[in-house]
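Have a look at the structure below, then the notes.
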Amino acid sequence: MSNLRSANYPRMSKLRASTSSVHDQLDKKIMAQSPFDNKTNYGHFLRYQFHLMRHVESLYLDTQLAKLVPDLLARNRFKALSQDFQDLNLEQPEPLPNTTIVTHCHYASLGWLYVIEGSKLGAAVLAKEAEKLGLNGEFGARFLAGSEKSRGSHWRQFMQGIEDAPLNEQQEQAMLEGAQAAFTFANALVELSYAQPENTHVA
């Protein structure tokens, strides 16, 4: 995680340390599917991302969380992801069973946002892989788009929002548990998403 120093961002350091193992598991599980080998695999990857972003979309509409996280509504990538499906002539997948909308307390929700917002840093690398398939920020890989400068700026703003949030020890623990739960959910979602029957193919 870039721009992270324990002295300056103690809460972010705790979040990273408490989720490092399950985070690594998720990265390996996703890349094991070879998402950028071809457009069909990329379509499967998009479907997974669609399920994940739909699951957490309510967090970006939360007015209480918006007081803690700068430009929260504008950070939501679900619309861009939906446009990627249109670009590639893919039908949006049906909701998966047993994946209810996130309804955690605000403090746990901060942990979930840590996971989703943090994934944007890795998206910079994935966007370059998508370019090999002829996809970019204007077609098929919109949800991965973003300049290195803007990613860094948005991430620093998010980190500072976490550090400045008025949390007591119990609330901070809820945030840590929320991040762990989010990574655990995302890991399980890979298997659920990839097992879902296809209803169309990438154009």
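Residues: numbered from 1 along the sequence shown. Note that the structure is predicted; figures quoted are calculated from it, not measured.
- What you find for Leu133 and Lys39 is that their closest heavy atoms are O-CE, 3.2 Å.
- Using a 4.5 Å heavy-atom cutoff, the side chains of His23 and Arg16 are not in contact.
- Glu177 is linked by a salt bridge (Lys or Arg N to Asp or Glu O under 4.0 Å) to nothing, counting only residues two or more places apart in sequence or in another chain.
- No option in Leu65, Leu15, Leu176, Leu59 other than Leu65 meets the side chain to side chain contact (heavy atoms under 4.5 Å, CB included) test with Leu110.
- Using modelled atom types, no side-chain atom of Arg75 and backbone atom of Leu113 make a donor-acceptor pair closer than 3.5 Å.
- Taken together through direct or relayed side-chain contacts under 4.5 Å among Ile, Leu, Val, Met, Phe, Trp and Tyr, Val69 and Leu61 form parts of separate hydrophobic clusters.
- A salt bridge does not link Glu131 to Lys128: none of the charged side-chain nitrogens sits closer than 4.0 Å to a carboxylate oxygen.
- For the pair Gln157/Gln160, no side-chain contact is recorded, criterion being any heavy-atom separation below 4.5 Å from C-beta on.
- Here the CZ atom belonging to Phe45 is positioned 12.5 Å from the OG atom belonging to Ser34, to the nearest 0.5 angstrom.
- In this structure, CG on Asp62 lies 11.5 Å from CG on Leu73, to the nearest 0.5 angstrom.
- A salt bridge links Glu117 to Lys120: one of the charged nitrogens lies within less than 4.0 Å of a carboxylate oxygen.
- Rounding to the nearest 0.5 Å places CD of Gln180 at 10.5 Å from CE of Met175.
- The closest side-chain heavy-atom distance from Ile116 to Met53 is below 4.5 Å.
- Val115 and Ala182 get closest at one heavy-atom pair: CG2-CB, 3.6 Å.
- Residues His55 and Phe185 meet the side-chain proximity criterion, which asks for heavy atoms closer than 4.5 Å.
- Taking the six-membered ring where tryptophan is involved, the planes of Tyr114 and Trp155 are tilted, since the angle between them lies from 30° to 60°.
- When all heavy atoms are compared, the tightest approach of Pro10 to Glu163 is CD-OE1, 3.3 Å.
- Going from atom CD of Gln64 over to atom CG of Leu72 covers 11.5 Å, rounded to the nearest 0.5 Å.
- In terms of modelled atom types and a separation under 3.5 Å, the side chain of Asp84 and the main chain of Arg142 share a donor-acceptor contact.
- Arg151 and Ala124 get closest at one heavy-atom pair: NE-CB, 3.4 Å.
- Asp71 contributes no side-chain N or O that, together with a main-chain N or O of Ala74, makes up a donor-acceptor pair within less than 3.5 Å.
- Hydrophobic clustering places Leu126 together with Phe139 (ILVMFWY residues linked when any side-chain heavy atoms are closer than 4.5 Å, directly or through intermediates).
- Contact between Gln171 and Pro166 at its shortest, heavy atoms only, is OE1-O, 3.6 Å.
- Side chain of Asn187 to main chain of Val22: a donor-acceptor pair is present (N/O by atom type, distance under 3.5 Å, no hydrogens or angles).
- Ala127 approaches Leu144 most closely through the heavy-atom pair CB-O, 3.9 Å.
- Judged purely by atom type and a 3.5 angstrom limit, Arg47 uses its side chain to pair as donor or acceptor with the backbone of Gln196.
- Here the straight-line distance linking atom OG of Ser153 with atom CZ of Phe158 works out to 14.0 Å at 0.5 Å rounding.
- Side-chain atoms of Tyr42 do not come within 3.5 Å of backbone N or O of Leu135 as any donor-acceptor pair.
- Here the two rings, on Trp112 and His106, have centers that are 6.0 Å apart or farther.
- One N or O on the side chain of Asp87 and one on the backbone of Gly140 form a donor-acceptor pair closer than 3.5 Å.
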What do the steps show when you test His44 against Tyr194 for side-chain contact (heavy atoms from CB on, under 4.5 Å), and what is the final call? CA-CA 7 Å; His44 295 161; Tyr194 276 85; 3.4 Å; yes
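- In this structure, Arg11 contributes its side chain and Ile162 its backbone to a donor-acceptor pair below 3.5 Å.
- Side-chain contact annotation: Arg77 with Ser119, donor-acceptor N/O pair under 3.5 Å present.
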Could you walk me through whether Leu46 and Phe143 pass side-chain contact (heavy atoms from CB on, under 4.5 Å), step by step? CA-CA 9 Å; Leu46 278 188; Phe143 89 105; 3.4 Å; yes
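- Applying the ring pair (Phe, Tyr, Trp, His ring centres under 6.0 Å) test to pairs two or more places apart or on separate chains, those with a residue in residues 68-95 are Phe50-Phe78, Phe50-Phe85.
- Of the possible donor and acceptor atoms, none in the side chain of Asn136 sits under 3.5 Å from a partner among the backbone N and O of Ala141.
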Trace of the side-chain contact (heavy atoms from CB on, under 4.5 Å) decision for Leu96 with Leu189: CA-CA 9 Å; Leu96 290 167; Leu189 188 62; 3.5 Å; yes
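- Considering only heavy atoms from C-beta on, Phe36 stays 4.5 Å or farther from Asn41 through its side chain.
- With rounding to the nearest 0.5 angstrom, the CD atom of Glu172 is 12.0 Å from the CD atom of Gln170.
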